[in-house]
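Convention: sequence-line order gives letters A, B, ...; per-chain numbering from 1. Computed from a predicted model, the values in this text were never measured in an experiment.
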Amino acid sequence: MAPQTRRTSFPKVVIERDSDSEPSSSEEEEEEGEEDEDNREEEEAERGENEEGEEEEALENKNGERKAEGLDAKKKGKAPITLSLKKVCKVCKKAGHEAGFKGATYIDCPMKPCFLCKMPGHTTMTCPHRVATEHGVIPAPRRSTRNPLEYVFERQLRPDILPIKPTFVIPDQVNCAVIRYHSRRVTCLEFHPTNNNILLSGDKKGQVGVWDFAKVHEKMVYGNVHSCIVNNMRFNPTKDDSVYAASSDGTISCIDMETGISLSLMNLNPDGWQGPSSWRMLYGMDVNSEKGLVLVADNFGFLYLVDTRSNNKIGEAVLIHKKGSKVVGLHCNPVQPDLLLSCGNDHFARIWDMRRMEAGSSLYALAHKRVVNSAYFSPLSGSKILTTSQDNRLRIWDSIFGDLDSPSREIVHSHDFNRHLTPFRAEWDPKDPSESLAVIGRYISENYNGAALHPIDFIDISTGQLVAEVMDPNITTISPVNKLHPRDDVLATGSSRSLFIWRPKEKSEPVERKDERRIIVCGRAEKKRSRKFGDESDDDSGDDKFTSQSTKLKSNKPERNLTRCSNKVKR
DNA sequence: ATAGTATGAATCC
DNA sequence: TGGATTCCCTACTA
């Protein structure tokens, strides 16, 4: 035991308030001689960087632990510890500024690159691409070069896109129905191909939900389909009531929607769990009806083909992305069945000729700066490509027959990667004949009348214009999963464990899509249940019944057409 | 009210 | 190439 001075068992703690002065020099003097240079420096550095606020704060996390060790050391009877109550940034631990929510507005740490566009030198508040003030389009250089796709496919495939945008895209008022039956976060959504009121949802637990949103009280959840994440679902083009699902359990299932009985088409883990290095998970999936194929891809970069008639795997797996990397998306061209689009964690989206599927033989590789969450051909002509990447950018290639070396546009949009959220994917509006409208949830929150909300953005991908943002003051969670109805004016959203159906109110007027952003608010405004602030009060405890309110929402943004009405149904 | 936790890409060496 | 560490505007439960 080291000799002790006669003191109380704990060192004296001096709490220093809002002062910029360094720890007292007497303290350092006392330490000298007993501790070697390195230790002292370490402690000093700690003090400098960890001038946490209250003691309890200082005692949490790793820094806190080290602090506690420091306390122990000091028990040997040395100088008082100086804690500062000086406010410190919780992101970079430096003094002089603070990051975090101020009311419903998040203040970035200025030491970090902009949270929105990821460029240094400014914060989200002053970002030139900030969605709240401007549309963040980065035009890419255009060249008139031609690419290999042209020679192969262009003669067969004439792009047939209406140049004129429809005038009736965005309703001015919406209702939102809510259902909650998933016990884990929603990972994918799919509308029924013929029944207009059926929405399918998959979750992280492996369950599949069927929601007839016209019959609001009926719910169906099939719990024994998969044992973990349902990553993608597609309806069987030849049989309306059956759905293919690809899961991280390594199987493709074909689920009968009426009974919930599922058939396993393929199992990549027949020997069960042999450790993470061998466990195969299925992510990307699509169905090619012309060829009668289900296409799936795994977390090691491989593509598998399954014949839909025999339910047998065809051929050997093909390496289509970097070996060992996850292939998160597959999309068959809606017009040309020989064209396939894939994307994954190797930062590429790749275009393939199905007639020549072999490792390294993609027709084109579209480079991204980060993981590509999704890549889709445009839904009607199949001649455009829209990708969502974890670098907070949407990328658009206006023609697969044009210059594919760089995207036609990059649109800065906040859809940050967060391990606790389902990855964001920008989805085309399948009804838009001009193929220029996409929907995607927003990560970053905006202060809407004192509530921090995460809207769902409608973006004109030909201009980068934010056309509309949809939100409900009652919905404070982030909505990464969105899908637009193939025929009706319906938006389906998966947000955490809940599902939403947004529809125009009956008296709603269709509104011309023009160069002005519309804020579409659903629900009550005054009773904001924002993050942690704002007055909290009566809940809509009227589960299973409609409540309709018409309180006025005052926006902090002028001249917005705001409406409110909450048709809320919970289960 | 708050602490714990699930859990994945990037980065570093 | 691989293991440890960091990131730090999540959502929920105990």
Just the atom pairs and distances: protein N or O near nucleotides 11-13 of chain B's N or O, under 3.5 Å.
| from | atom 1 | to | atom 2 | distance (Å) |
| --- | --- | --- | --- | --- |
| B:dT11 | OP1 | A:R370 | NH2 | 3.1 |

Q. Of all the base pairs, Watson-Crick or G-U under 3.5 Å, which form stems of three or more consecutive pairs involving DNA chain C?
A. B:2-6 with C:10-14, B:8-13 with C:2-7
Q) Looking at CG of A:L330 and OG of A:S374, how far apart are the two atoms once the value is rounded to the nearest 0.5 Å? A) 12.0 Å
(Q) Closest approach to the side chain of A:K204, judged atom by atom: which nucleotide of B:dA6, B:dA9, C:dC12 is it? (A) B:dA6
**Q.** Geometric class of the A:Y376/A:H331 ring pair [parallel <30°, tilted 30-60°, perpendicular >60°]
**A.** perpendicular
Q | Closest listed nucleotide, where the reference is the side chain of A:R419 and the choices are C:dC8, C:dC9, B:dG8 | A | B:dG8
Q.
Regarding A:K112, tell me which of base, sugar-phosphate or nothing describes its non-hydrogen contacts under 4.0 Å with the strands shown.
A. sugar-phosphate
**Q.** Residue list, side-chain contact (heavy atoms from CB on, under 4.5 Å) with A:F300, at least two apart or on another chain
**A.** A:R280, A:D298, A:F302
Q.
OP1 or OP2 of B:dA9 versus the side-chain N and O atoms of A:N345: is any pair under 4.0 Å?
A. yes
Q) Please give, in whole Å, the distance from B:dT7 C1' to A:N299 CG? A) 15 Å
Q | Stacked pair A:H420-B:dA6, distance under 5.5 Å, angle under 30° | A | yes
Q. Which part of the nucleic acid does A:Y443 contact within heavy-atom distance under 4.0 Å: base, sugar-phosphate only, or nothing?
A. sugar-phosphate
Q. Are OP1 or OP2 of C:dC9 and a side-chain N or O of A:T124 less than 4.0 angstrom apart?
A. no
Q. Do the side-chain N or O atoms of A:K326 get closer than 4.0 angstrom to the phosphate oxygens (OP1, OP2) of B:dA9?
A. yes
Q. Tell me: CZ of A:F417 to P of B:dA9, nearest whole Å?
A. 5 Å
Q) NE2 of A:H368 versus P of B:dA9: gap in Å, rounded? A) 16 Å
Q. Measuring from A:R370:CZ to A:Q390:CD, what's the distance to the nearest 0.5 Å?
A. 8.5 Å
Q) Which part of the nucleic acid, if any, lies within contact of A:D416, taking any heavy atom under 4.0 Å across all strands shown: a base, the sugar-phosphate backbone alone, or nothing? A) nothing
Q: Determine: side-chain N/O of A:R185 to OP1/OP2 of B:dT5, distance under 4.0 Å, yes or no.
A: no
Q) Cationic tip of A:K112 within the cone over A:F115's six-membered ring, i.e. under 6.0 Å and within 45° of the normal? A) no
Q) When the ring planes of A:H454 and A:Y443 are compared, do they come out parallel, tilted or perpendicular, using 30° and 60° as the limits? A) perpendicular
Q: Classify the nucleic acid contact of A:R184 as base, sugar-phosphate or nothing, counting any heavy atom under 4.0 Å across all strands shown.
A: nothing
